[in-house]
Protein chains: 4
Amino acid sequence: MANKAAPDSSRRSERSRRAIFDAALTLVGEVGYDKLTIEGIASRAGVGKQTIYRWWPSKAAVLLDAFTEGVDEYEGLPDTGDLAADLKFVLRATADEFNDPAFQAPYRALAAAGANDEELSRTFLARLMEPGTRVYVDRLRAAQETGEVAADIDVRIAVEMLLSPFSQRWLMRTGELTYDFVDTLVDQVLRGVRPRG
Amino acid sequence: MANKAAPDSSRRSERSRRAIFDAALTLVGEVGYDKLTIEGIASRAGVGKQTIYRWWPSKAAVLLDAFTEGVDEYEGLPDTGDLAADLKFVLRATADEFNDPAFQAPYRALAAAGANDEELSRTFLARLMEPGTRVYVDRLRAAQETGEVAADIDVRIAVEMLLSPFSQRWLMRTGELTYDFVDTLVDQVLRGVRPRG
Amino acid sequence: MANKAAPDSSRRSERSRRAIFDAALTLVGEVGYDKLTIEGIASRAGVGKQTIYRWWPSKAAVLLDAFTEGVDEYEGLPDTGDLAADLKFVLRATADEFNDPAFQAPYRALAAAGANDEELSRTFLARLMEPGTRVYVDRLRAAQETGEVAADIDVRIAVEMLLSPFSQRWLMRTGELTYDFVDTLVDQVLRGVRPRG
Amino acid sequence: MANKAAPDSSRRSERSRRAIFDAALTLVGEVGYDKLTIEGIASRAGVGKQTIYRWWPSKAAVLLDAFTEGVDEYEGLPDTGDLAADLKFVLRATADEFNDPAFQAPYRALAAAGANDEELSRTFLARLMEPGTRVYVDRLRAAQETGEVAADIDVRIAVEMLLSPFSQRWLMRTGELTYDFVDTLVDQVLRGVRPRG
DNA sequence: ACCTAAACGAGACGGTACGTCATGTCTTTTT
DNA sequence: AAAAAGACATGACGTACCGTCTCGTTTAGGT
């Protein structure tokens, strides 16, 4: 993703843009989302407030862009032929990522802000969640064709059964994201998804 | 729940307490959580600001109490012997509830506030989510004893496979909460949970 | 004048009011009227901006009150029987006052602000200029009765002939306010005002 | 005056210069001096801000030039032999001019700005006030030679006795500039200035 | 007729101050 | 003693201008 997010104007200062992103991400980690202020970002970035207001409508939008900037293109899931192993491998890696404190503050803040702001939510989903989800859908559909997954399964919902418990635990702090949890989750989901017989 | 939230002090004005709850719930619907203010609540309720600060530490706490006040005791799930039917029945009812606009604003606001505030999150979970979750866990455990559910299933995770996709869709607006969705979800979860044979 | 300017409200903080006046007068001397800011006054006075905005509509109004607070009741002119001597005595004293740097900044600022703000101008005139003018008018009228001043003289205009050149020199910096100037001015005005014959 | 204010550079755009003057004079009438902004002038004139900053140091300077541009060369006072008549004639004309609304806003603004800005004040006096004053001084001196005015009169101060009450009334709004006022003023000043007999 | 350097329009930039709003604390008066 | 009312110091909001600084684009002269 990112790095093609060309400035909206040829006049725009790339230097300021970067400084704002850095400041926003640093500050959200230091003081939390609620105490993150546009003034704080501006002053930390050595930038006039207007420069932020000129290009973003809200602190959430700044944070979203800042966060997006740092996220790499999503690659497809591995396909070793062993569906369970593939899913466990990727979900374990994702668990590691979500357990990284530097990642938590901005992502959690954005998810929460999205709950109250439908517009922001749409962008958040389209830019961060949807691409992440699609690779799972694709992998399961592939598995459906090889017969690893039953034909009458609703793949989208199967993916939700896999990813939502994961996201929910993390977002609402209802549980730890351990490898054990991930493995059991994958196993129980696949159990319901495999062809019977 | 509710109705045991006795005044903390005999001196406390019940009338003010109700007025504050009413104002908070009305306002969160009207202006949204971010623009909900203590001053606004106080003035709408015809109450001094101090009366709010005296009894609650934050607007989130007010809202949580206000919301809790209106929620009824959770009853156990029905047990007709048909697990799928029981789950679909209750989840459909819950979908109706979550689709009610009056319910959405405060609940969504609390869920989001919880994401950024660990302390609030704990209360939110303990007061609203945990009781709701437990009845499912209980019902599945009962089913495990009758053999409807395999013995080696992690019931807690099974419940998450059922409820998280539901919550997630609603909270993040990733999809509609239709009866179709609920039914398919229940079916696919149970498929993975039933004893093999 | 002043010292009866009771707080507009029993709740009002006298301490803040004084601090604001002190800060305003000090600052207008230090940085000049144009660079005098509400924010600067508030911060120097150790007071919230709102406390200023609550009680005054503009920095000019603050300054006017601050200045007024320090000005004493105007007393009548002396009447030694020698009109010229009396006028010279008082005008010389006034010249000294107007040559005092601490007095200049706020007074000049107010006079200038009044030129562009009709509302402010009215208060400025009523509170500061009119009382100062009246004592001259009274003295001349008294002189008219003793026959020192001709009966057909327009006393108001005579006073303007005396005071306006004085004010104008000072305000527009068109000349110095020396004792010589004052004496000559009094002499030439009285020459035109005395009964002929 | 005017029409010799040649462009400082041959490259300079006459068109922009005029547009800036027009905009400045129009705007000062519309919004007043305090709310007159460089940005506003530039945008109204269809000109870049830099074009203003390139040629003038402040909005006061722009306004002063704009105003000066429209003022004609001062001519000497008429000398019909009747000093009182000559003075009344010219002062009445000046009263008409000062009562013209289009004239008031910029002139008042400049006078006020001059009170707080010594540098500006000097230019304002030299360009607008001094030439206006000199013609009166000249006329009175001529009268002194013909014996219409006593030899021991300080002519400069006599002129101030004539013009300052006039300016002061207008600038501070302490009175109307009527023909009656002008006539009485001239009469009372001349009374004090004529040789005694 | 071309070339070049200035002046130009546009407008982004780092700042300062604006006037408003809400915070959480406090004091005064009423119930 | 709790409550309504509301002043207070604090601090962020989002806006308006400041004066400086590039950007292309006219537009005069000088060649």
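Lettering follows sequence order; numbering is per chain, from 1.
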Round to the nearest Å and state the distance from [X] atom [atom1] to [N] atom [atom2].
{"X": "I41(A)", "N": "dG14(F)", "atom1": "CD1", "atom2": "P", "value": "11 Å"}
{"X": "R17(D)", "N": "dC8(E)", "atom1": "CZ", "atom2": "P", "value": "11 Å"}
{"X": "R54(C)", "N": "dG19(E)", "atom1": "CZ", "atom2": "P", "value": "16 Å"}
{"X": "D34(B)", "N": "dA12(F)", "atom1": "CG", "atom2": "P", "value": "17 Å"}
{"X": "R44(D)", "N": "dC17(F)", "atom1": "CZ", "atom2": "P", "value": "13 Å"}
{"X": "W56(C)", "N": "dG19(E)", "atom1": "CH2", "atom2": "C1'", "value": "16 Å"}
{"X": "R12(C)", "N": "dT28(E)", "atom1": "CZ", "atom2": "P", "value": "17 Å"}

Any side-chain N or O of [X] less than 4.0 Å from the OP1 or OP2 oxygen of [N]?
{"X": "T51(A)", "N": "dG14(E)", "answer": "yes"}
{"X": "W55(B)", "N": "dA3(F)", "answer": "yes"}
{"X": "S16(A)", "N": "dG14(E)", "answer": "yes"}

*Any side-chain donor-acceptor pair under 3.5 Å between R108(D) and Q104(D)?*
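The criterion, which ignores hydrogens and geometry beyond distance, is satisfied for Q104(D) and R108(D).
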Please determine if [X] and [Y] form a salt bridge, counting it only when a charged side-chain N lies under 4.0 Å from a carboxylate O.
{"X": "D65(D)", "Y": "R127(D)", "result": "yes"}
{"X": "R17(C)", "Y": "E69(C)", "result": "yes"}
{"X": "E39(B)", "Y": "K59(B)", "result": "no"}

_Taking atom CZ as the centre, does R54(C) end up with more than 12 heavy-atom neighbours from other residues, nucleotides or ligands that are less than 6.0 angstrom away?_
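Yes, CZ of R54(C) has more than 12 neighbouring heavy atoms, counting only those of other groups under 6.0 Å.
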*asked:* If you assign T37(A) and K35(D) each to the DNA chain F nucleotide with the nearest heavy atom, which residue ends up on the more 5' nucleotide?
replied: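 Going by which nucleotide is closer to the 5' end, it is T37(A).
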*Using heavy atoms to find the nearest nucleotide of DNA chain F for G48(B) and K59(A) separately, return the residue whose nucleotide is more 5′.*
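On the 5' side of the pair lies G48(B).
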*Between F67(A) and F103(A), is the gap from one ring center to the other below 6.0 Å?*
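Close enough - the centres of the two rings lie under 6.0 Å apart.
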*Could you list by number each residue of residues 18-28 of chain C showing a heavy-atom separation from DNA chain E of less than 4.0 Å, or answer none if no residue does?*
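By residue number: none to list.
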*Could you pick out which residue, R15(A) or L36(B), lies toward the 5' side of DNA chain E when each is mapped onto its nearest nucleotide?*
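Between the two, 5'-proximity favours R15(A).
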*Is I41(C) close to V47(C) at the side-chain level, that is, under 4.5 Å between some pair of heavy atoms?*
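Side chain of V47(C) against side chain of I41(C), heavy atoms only: no contact under 4.5 Å found.
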*For G40(B), answer base if it contacts any base atom (sugar-phosphate contacts may also be present), sugar-phosphate if it contacts only those atoms, and nothing otherwise; contact means non-hydrogen atoms under 4.0 Å.*
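No contact.
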*Give a yes or no on whether the backbone of A24(B) and the side-chain of R44(B) come within a donor-acceptor separation of less than 3.5 Å.*
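Between the backbone of A24(B) and the side chain of R44(B) there is no qualifying donor-acceptor contact (under 3.5 Å).
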What are the atom names and distances for every N/O pair under 3.5 Å that joins the protein to nucleotides 19-29 of chain F?
{"from": "dG19(F)", "atom 1": "OP2", "to": "Y53(D)", "atom 2": "OH", "distance (Å)": "2.8"}
{"from": "dG19(F)", "atom 1": "N7", "to": "K49(D)", "atom 2": "NZ", "distance (Å)": "3.1"}
{"from": "dG19(F)", "atom 1": "O6", "to": "K49(D)", "atom 2": "NZ", "distance (Å)": "2.6"}
{"from": "dC21(F)", "atom 1": "N4", "to": "Q50(D)", "atom 2": "NE2", "distance (Å)": "2.1"}
{"from": "dC23(F)", "atom 1": "O2", "to": "R11(A)", "atom 2": "NH2", "distance (Å)": "3.0"}

*Validate the cation-pi geometry between R12(C) and W56(C): distance from NZ or CZ to the six-membered ring centre under 6.0 Å, angle to the ring axis within 45°.*
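Verdict for W56(C): a cation-pi partner in R12(C).
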